[in-house]
> 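Take a look at this one; I'll ask things after.
Each chain gets a letter, A, B and so on, in the order its sequence line appears, and its residues count up from 1.
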Number of protein chains: 2
Amino acid sequence: MADSPSLDPAQLGAYFALIEVTSLLRHAVEQQLREAGDLSYVQFQLLATLGDAPTGSRRMTDLADGVVYSRSALTYQAGLLEKSGLITRAPDPDDERGTMVTITDAGRERLTQVFPGHIEIVKGLLFEPLSADDVQTLAGLLTPVRDHMRATPPRSAAPRRRKRT
Amino acid sequence: MADSPSLDPAQLGAYFALIEVTSLLRHAVEQQLREAGDLSYVQFQLLATLGDAPTGSRRMTDLADGVVYSRSALTYQAGLLEKSGLITRAPDPDDERGTMVTITDAGRERLTQVFPGHIEIVKGLLFEPLSADDVQTLAGLLTPVRDHMRATPPRSAAPRRRKRT
DNA sequence: GAAAGATGCTTCGAATTTGAAGCACATCGA
DNA sequence: TCGATGTGCTTCAAATTCGAAGCATCTTTC
């Protein structure tokens with residue numbers, strides 16, 4: 001039977017605060033990135049992900065998964081970034097189907113150009129009201145959640161839907 | 001001035017986890033809402049916000065701010081929701097410029113229709129790895145951040161582009 | 001080793017989002 | 001009261017997003 005599930009007040013508060021905080025933070029960051037380096041948030045995420053990779057390269061799919069993005073949107077953005085000279089695309093030697101995306105020097109430059117302001121925003125908005133301990137705690141809480149979400153059937157597991165009889 | 005700011009590892013971890021958790025959660029919820037009630041996340045947020053209001057009504061701008069949305073996008077979505085009969089729009093008696101948006105019975109019905117599944121997802125993904133205490137802690141950390149962000153120069157410090165002299 | 005099925009990416013069309021510009025009403029100051 | 005400016009919402013064109021369909025390349029399976 002439908003046992004009408006619910007969230008207790010603390011859960012509701014946490015959930016709403018989470019959504020709201022992220023939305024507000026994202027808007028602020030988006031604006032900063034646009035002004036400081038003419039980048040959208042997604043573009044920044046892509047560059048940052050690439051810059052973080054040891055080789056500076058990733059496959060398209062890995063990028064999309066990392067950023068939680070549709071593949072077609074990624075193709076579009078990769079096209080823009082390539083046209084801007086911030087990344088390059090080349091077929092993956094190991095798998096001719098795949099495309100290896102690599103950040104260019106210009107891409108890294110853009111990152112360093114935008115980073116200080118970015119961090120400024122994150123610090124000023126997100127971390128301002130939090131102590132060092134708070135931050136530790138927050139990370140300690142969210143990391144397991146992240147891992148849990150990553151482990152749980154991503155989004156290809158909706159086939160268990162059965163029609164009601 | 002340029003003190004080359006940076007984030008310590010814990011801050012970085014918290015920041016990334018926050019972004020990632022929210023993205024993943026949002027994707028999952030989005031899918032559920034679409035299946036259960038043919039609603040986008042934004043539409044759900046709008047309905048939920050209205051349903052939460054004592055009178056079931058809000059002004060457009062308040063809605064946009066609550067959901068962190070551009071006004072034009074809100075106009076578009078309100079148009080869709082109105083056409084679906086989930087809300088109504090009427091001029092604000094107190095301020096003829098303003099538009100009062102009100103949730104309809106059908107809108108409330110739709111909410112109750114999607115709510116159980118929504119909560120199910122949030123519980124299963126977000127709260128599964130968290131104890132009751134954890135949730136309390138999380139809410140206790142995020143709420144001040146939310147308030148801080150709301151207090152800090154809103155999202156558009158330049159609501160109306162004013163000519164520089 | 002070839003057909004059948006997966007997988008990785010792009011292309012395509014439709015829906016959505018956005019900022020700028022526009023319109024209507026409100027408010028302020030002389 | 002009038003004119004100048006501010007505010008609330010909508011309209012508009014352009015950019016971005018997504019899912020479905022299409023291609024090319026692997027991987028099974030017999």
Side-chain angles (χ1 to χ4, degrees), chain A residues 23 26-27 30-31 33-35 38-46 57-84 87-102 154-156 158-159, chain B residues 23 26-31 33-35 38-46 57-84 87-102 154-163 165:
Chain A
S23 291
R26 187 168 173 141
H27 268 272
E30 202 133 57
Q31 185 174 326
L33 289 174
R34 182 66 66 193
E35 288 174 9
D38 196 38
L39 290 176
S40 71
Y41 190 62
V42 183
Q43 293 171 336
F44 171 72
Q45 277 187 297
L46 294 176
S57 307
R58 297 248 171 138
R59 294 186 326 155
M60 290 287 280
T61 291
D62 297 336
L63 270 182
D65 283 349
V67 176
V68 188
Y69 222 51
S70 77
R71 281 85 212 285
S72 43
L74 176 58
T75 295
Y76 176 74
Q77 287 296 341
L80 291 186
L81 289 174
E82 187 176 38
K83 197 177 323 184
S84 302
I87 65 168
T88 56
R89 278 188 288 187
D92 180 346
D94 297 332
D95 185 338
E96 282 295 322
R97 294 171 300 182
T99 297
M100 269 315 223
V101 180
T102 307
R155 37 178 166 156
S156 43
Chain B
S23 291
R26 188 171 173 138
H27 268 272
V29 165
E30 201 132 57
Q31 184 174 324
L33 289 174
R34 182 66 66 193
E35 289 176 10
D38 196 39
L39 290 177
S40 71
Y41 190 61
V42 184
Q43 293 171 335
F44 171 73
Q45 277 186 298
L46 293 175
S57 307
R58 296 247 171 138
R59 294 186 327 155
M60 290 288 281
T61 292
D62 297 336
L63 269 181
D65 284 349
V67 176
V68 187
Y69 225 52
S70 76
R71 281 86 208 283
S72 42
L74 176 58
T75 294
Y76 176 73
Q77 287 297 340
L80 291 185
L81 288 174
E82 186 176 38
K83 197 177 324 187
S84 302
I87 65 168
T88 55
R89 278 188 289 189
D92 179 347
D94 297 331
D95 185 341
E96 281 295 324
R97 295 171 300 181
T99 298
M100 271 310 226
V101 181
T102 307
R155 50 204 187 78
S156 28
R160 255 333 185 322
R161 203 100 192 109
R162 181 187 298 203
K163 275 188 182 147
T165 49

> Does B:R97 have any salt bridge (charged side-chain N to carboxylate O under 4.0 Å, His left out) partners at least two apart in sequence or in another chain, and if so, which?
B:D95
> Can you find a heavy atom in the side chain of B:R71 that is under 4.5 Å from one in the side chain of B:D65?
yes
> Can you find a pair of side-chain heavy atoms, one from A:T75 and one from A:T99, that are under 4.5 Å apart?
no
> For A:F44, which residues count as a ring-ring contact (aromatic ring centres under 6.0 Å, His included) partner, sequence neighbours excluded?
A:F115, A:H118
> Please list each protein N or O that sits under 3.5 Å from an N or O in nucleotides 3-5 of chain C, with the distance.
none

> With sequence neighbours excluded, tell me which residues meet side-chain contact (heavy atoms from CB on, under 4.5 Å) with B:A90.
none
> Grab the OH-C1' distance between A:Y41 and D:dT16 for me, whole Å please.
17 Å
> Please enumerate all residues that pass salt bridge (charged side-chain N to carboxylate O under 4.0 Å, His left out) together with A:D38, with sequence neighbours excluded.
A:R34
> Any carboxylate oxygen within less than 4.0 angstrom of a Lys/Arg side-chain nitrogen, looking at A:R58 and A:D92?
no
> Can you give one letter per nucleotide of nucleotides 7-19 of chain C, 5' to 3': B if a protein heavy atom sits under 4.0 Å from the base, S if only from the sugar-phosphate, - if neither?
BSSBB---SSBBB
> So, do A:R59 and A:M100 sit near enough that their side-chain heavy atoms are less than 4.5 Å apart?
yes
> Could you state the atom-to-atom distance from CD of A:E30 to P of D:dT16 in whole Å?
11 Å
